[in-house]
Number of protein chains: 2
Amino acid sequence: MVTLAEVAQHAGVSASTVSYVLSGKRSISTTTRQRVEESIRKLGYHPNAGARALASSRSNIIALMIPLRTDMYVPVMMEIAIAVAAGARTHGYDILLLTGEEGPDAVRRVTGSGLADAMILMDVELDDERLPLLRATDQPSVLIGLPADTEGLTCVDLDFRATGALCVEHLAGLGHRDIAVIGEAAAVYERHTGFAERTLDGLRTRARELGLRLLHRPCEGGYDTMAATLARVFDERPDTTGFVVQNEAAVEPLLALLRQQGRAVPEDVSVVAVCPEQVATQASVRLTSVAVPAQEMGRRAVEQLVAKLDGRGSDEVVLLAPELTVRASSGPAPVGP
Amino acid sequence: MVTLAEVAQHAGVSASTVSYVLSGKRSISTTTRQRVEESIRKLGYHPNAGARALASSRSNIIALMIPLRTDMYVPVMMEIAIAVAAGARTHGYDILLLTGEEGPDAVRRVTGSGLADAMILMDVELDDERLPLLRATDQPSVLIGLPADTEGLTCVDLDFRATGALCVEHLAGLGHRDIAVIGEAAAVYERHTGFAERTLDGLRTRARELGLRLLHRPCEGGYDTMAATLARVFDERPDTTGFVVQNEAAVEPLLALLRQQGRAVPEDVSVVAVCPEQVATQASVRLTSVAVPAQEMGRRAVEQLVAKLDGRGSDEVVLLAPELTVRASSGPAPVGP
DNA sequence: CAGTCCAGTCGAAGCGCTTCGACATGGTAT
DNA sequence: ATACCATGTCGAAGCGCTTCGACTGGACTG
């Protein structure tokens with residue numbers, strides 16, 4: 001293992017000079033810099049992470065906490081995680097992956113040990129037990145998701161309330177009066193996950209404003225549960241012509257079941273989904289949808305965090321504006337009998 | 001930030017004693033141990049990761065390289081990653097998440113800087129460019145996946161050759177003579193990803209041995225490409241009654257299209273999938289399938305790696321035996337016309 | 001009863017780096 | 001010519017931990 005001292009010796013300068021070449025914190029003459037850089041290349045030098053962290057009390061690592069709930073749609077999580085990792089690298093940070101298992105203890109461990117300089121938390125609950133710890137520590141952090149109380153916290157999320165409103169507006173504009181919402185699994189609501197409740201709130205509020213009838217049903221996804229849910233929906237509201245689907249795992253089952261029941265999409269019923277682009281375009285009917293901008297969320301979270309680490313930036317809630325893309329699954333409401 | 005020295009002072013012992021209490025590398029009297037542990041608790045002490053890494057040249061971090069290819073099925077990756085993270089924690093290791101972007105440079109960076117003690121590589125290609133680097137360094141590593149040359153490497157993977165054979169045997173046992181294989185996207189084969197080629201090899205070899213006709217078609221997944229692929233299959237082999245699907249994104253489209261064409265599953269055609277359990281049980285027809293044991297793979301990879309780190313264990317290829325679960329999508333071949 | 005051993009503890013060295021103050025050097029302003 | 005400053009470089013002091021050798025006092029052995 002090559003050390004700073006060896007590089008210094010090889011280049012005929014002192015260790016501190018090499019260090020300053022690396023960090024750029026003091027001016028170095030061009031000739032010296034080049035000589036040092038040459039030595040670094042030749043010897044294949046890599047600064048030792050531990051020593052660096054010890055001396056500078058900066059690890060250049062960002063901790064990313066991903067819970068491992070089975071009822072969350074994984075691809076979105078993964079996409080965010082990957083965007084976070086890529087974004088972090090461009091700022092010179094690596095990602096430490098923490099799964100939910102440890103819970104709040106992980107926060108303590110990471111902040112206490114100086115393992116990471118900052119944290120990004122995913123899948124935040126409205127009243128998350130990690131938040132008090134986060135507020136207590138002076139370690140910068142960013143949440144992906146929105147808790148009930150954002151005081152003193154930085155958050156990045158899709159504006160799910162606006163998302164809900166947007167879906168309702170789209171269907172209302174097409175003349176639909178009875179709308180069913182196929183929501184996330186019941187457990188997601190019980191856990192008070194922000195995005196689910198916010199979407200629902202947006203849907204309900206706008207529906208009321210526009211004078212629509214809205215029926216919300218949680219749904220685990222999969223064919224069997226979707227079939228049961230759909231039966232209940234048409235039982236209670238036979239005139240339903242518009243669907244808003246939030247659970248990705250329910251999208252395809254819903255489409256298949258509607259087809260099976262002889263209800264044509266979009267002639268008889270319209271479907272709007274909240275899902276990643278890929279799901280929308282690869283479904284059996286190209287779906288009118290509001291995209292969940294996973295990449296954007298990951299990128300923005302890193303940007304906010306790096307700003308904090310650099311002393312710029314402050315606590316702030318970044319809500320990304322939803323965009324609805326019209327595709328083949330929504331159309332004018334059928335004219336009444 | 002609380003340091004070792006402060007704990008030592010609080011407990012009335014020397015710093016080295018505290019260190020030995022923590023590591024257990026020398027015997028400590030019960031009374032001293034308890035006093036020290038009490039102080040640690042009271043002061044809320046967490047060892048500083050950087051200092052520890054520097055002094056012991058062990059970071060207690062395992063690097064996990066996940067490529068970010070869009071044509072791979074993400075949930076499996078994610079499941080493995082989470083299993084790796086959880087497994088690592090039980091052995092006292094944290095996970096550093098590296099995405100494919102950096103490529104081989106990431107290997108150099110991590111081994112060179114002492115950031116991690118060991119690596120786990122996912123989605124290994126048959127002739128992966130990271131392998132020479134891995135062989136050159138003395139840092140322990142485990143691959144999830146199987147390259148062409150496993151000399152000097154430790155690998156964990158599902159036995160995809162046996163998986164292919166198993167699928168063919170099942171269909172052959174039910175009397176099917178013409179089998180179509182809906183493979184991964186063409187790009188996956190072009191990249192020479194081990195698992196795809198191995199499955200195909202297993203399928204072909206066993207089919208030949210059993211005297212079956214086998215038609216293989218790559219497929220990107222999604223409805224449109226699946227429709228095109230399916231048309232070509234029935235065009236070339238009208239008597240096809242058995243399907244083996246390897247691409248998860250093609251499963252549901254295939255089922256929907258068959259239904260649409262009036263071909264009943266499993267009465268007219270049988271479908272066997274290679275996919276995670278969840279996909280098999282949540283599909284519109286409960287699928288006869290060979291499960292991809294993502295969790296098991298992640299767990300085993302960590303075990304192998306930890307064994308190496310502890311000086312136990314050696315280079316070894318661990319191939320997990322596939323298991324086929326019969327569900328509702330396969331049945332006896334229809335009797336000929 | 002001297003010699004040996006072991007459990008239990010301590011002090012000090014050092015891991016590889018960052019960073020502070022000090023020191024030259026040469027240019028610029030007075 | 002003197003004083004001053006900016007620039008470039010160095011030496012040394014740590015950062016918080018692990019670990020090695022050394023020391024102590026009691027429990028054995030012969």
Here the distance between atom C1' of D:dC17 and atom CD1 of B:I40, to the nearest Å, is 13 Å
- Query: Just to confirm, is there a sub-4.0 Å distance from OP1 or OP2 of C:dT19 to any side-chain nitrogen or oxygen of A:K25?
  - Reply: yes
Taking D:dC17, C:dC17, D:dG16 as options, the one with an atom nearest any side-chain atom of B:P47 is D:dC17
Between A:V21 and the options A:V7, A:V13, A:V36, the side chain to side chain contact (heavy atoms under 4.5 Å, CB included) test singles out A:V36
Q) Is the closest basic N to carboxylate O distance between A:R35 and A:E38 below 4.0 Å? A) no
Between CG of B:N60 and P of D:dT18 the distance, given in whole Å, is 10 Å
For this session: Assess whether atom CD of A:E296 is packed by more than 12 heavy atoms of other residues, nucleotides or ligands within 6.0 Å.
Result: yes
Given the options B:I120, B:L97, B:L98, B:I66 meets side chain to side chain contact (heavy atoms under 4.5 Å, CB included) only with B:L97
* Asked: Got more than 12 heavy atoms from elsewhere within 6.0 Å of CG, B:D315?
  -> yes
From NE2 of A:H46 across to P of C:dC17 the rounded distance in Å is 12 Å
Subject >> A:A15 backbone acceptor or donor facing A:S19 side chain under 3.5 Å >> reply: no
From CG of B:L22 across to P of D:dC17 the rounded distance in Å is 9 Å
Exercise. Give A:S56 one of three labels, base, sugar-phosphate or nothing, depending on what nucleic acid heavy atoms sit under 4.0 Å from its own.
Key: sugar-phosphate
Separation of C:dC15 atom P from B:L115 atom CG, nearest Å, is 20 Å
From OH of A:Y45 across to P of C:dG16 the rounded distance in Å is 10 Å
Are OP1 or OP2 of D:dC15 and a side-chain N or O of A:S57 less than 4.0 angstrom apart? no
In B/S/- notation (B base, S sugar-phosphate only, - none; protein heavy atoms under 4.0 Å), nucleotides 5-13 of chain D written 5' to 3' is --SSBBB--
Taken to the nearest whole Å, CZ/B:R52 to C1'/D:dC17 is 8 Å
| query | Within a radius of less than 6.0 Å around CD of B:E102, do more than 12 heavy atoms belonging to other residues, nucleotides or ligands occur? | reply | yes
Applying side chain to side chain donor-acceptor pair (under 3.5 Å) to B:H46 and not counting sequence neighbours gives none
Here the distance between atom C1' of D:dT19 and atom CG of B:L54, to the nearest Å, is 13 Å
Exercise. Do B:Q34 side-chain atoms and B:T31 backbone N/O form a donor-acceptor pair below 3.5 Å?
Worked result: no
To the nearest 10 degrees, the angle between the two end axes of the helix from C:dC1-D:dG30 to C:dT30-D:dA1 (five pairs per end) comes to 30°
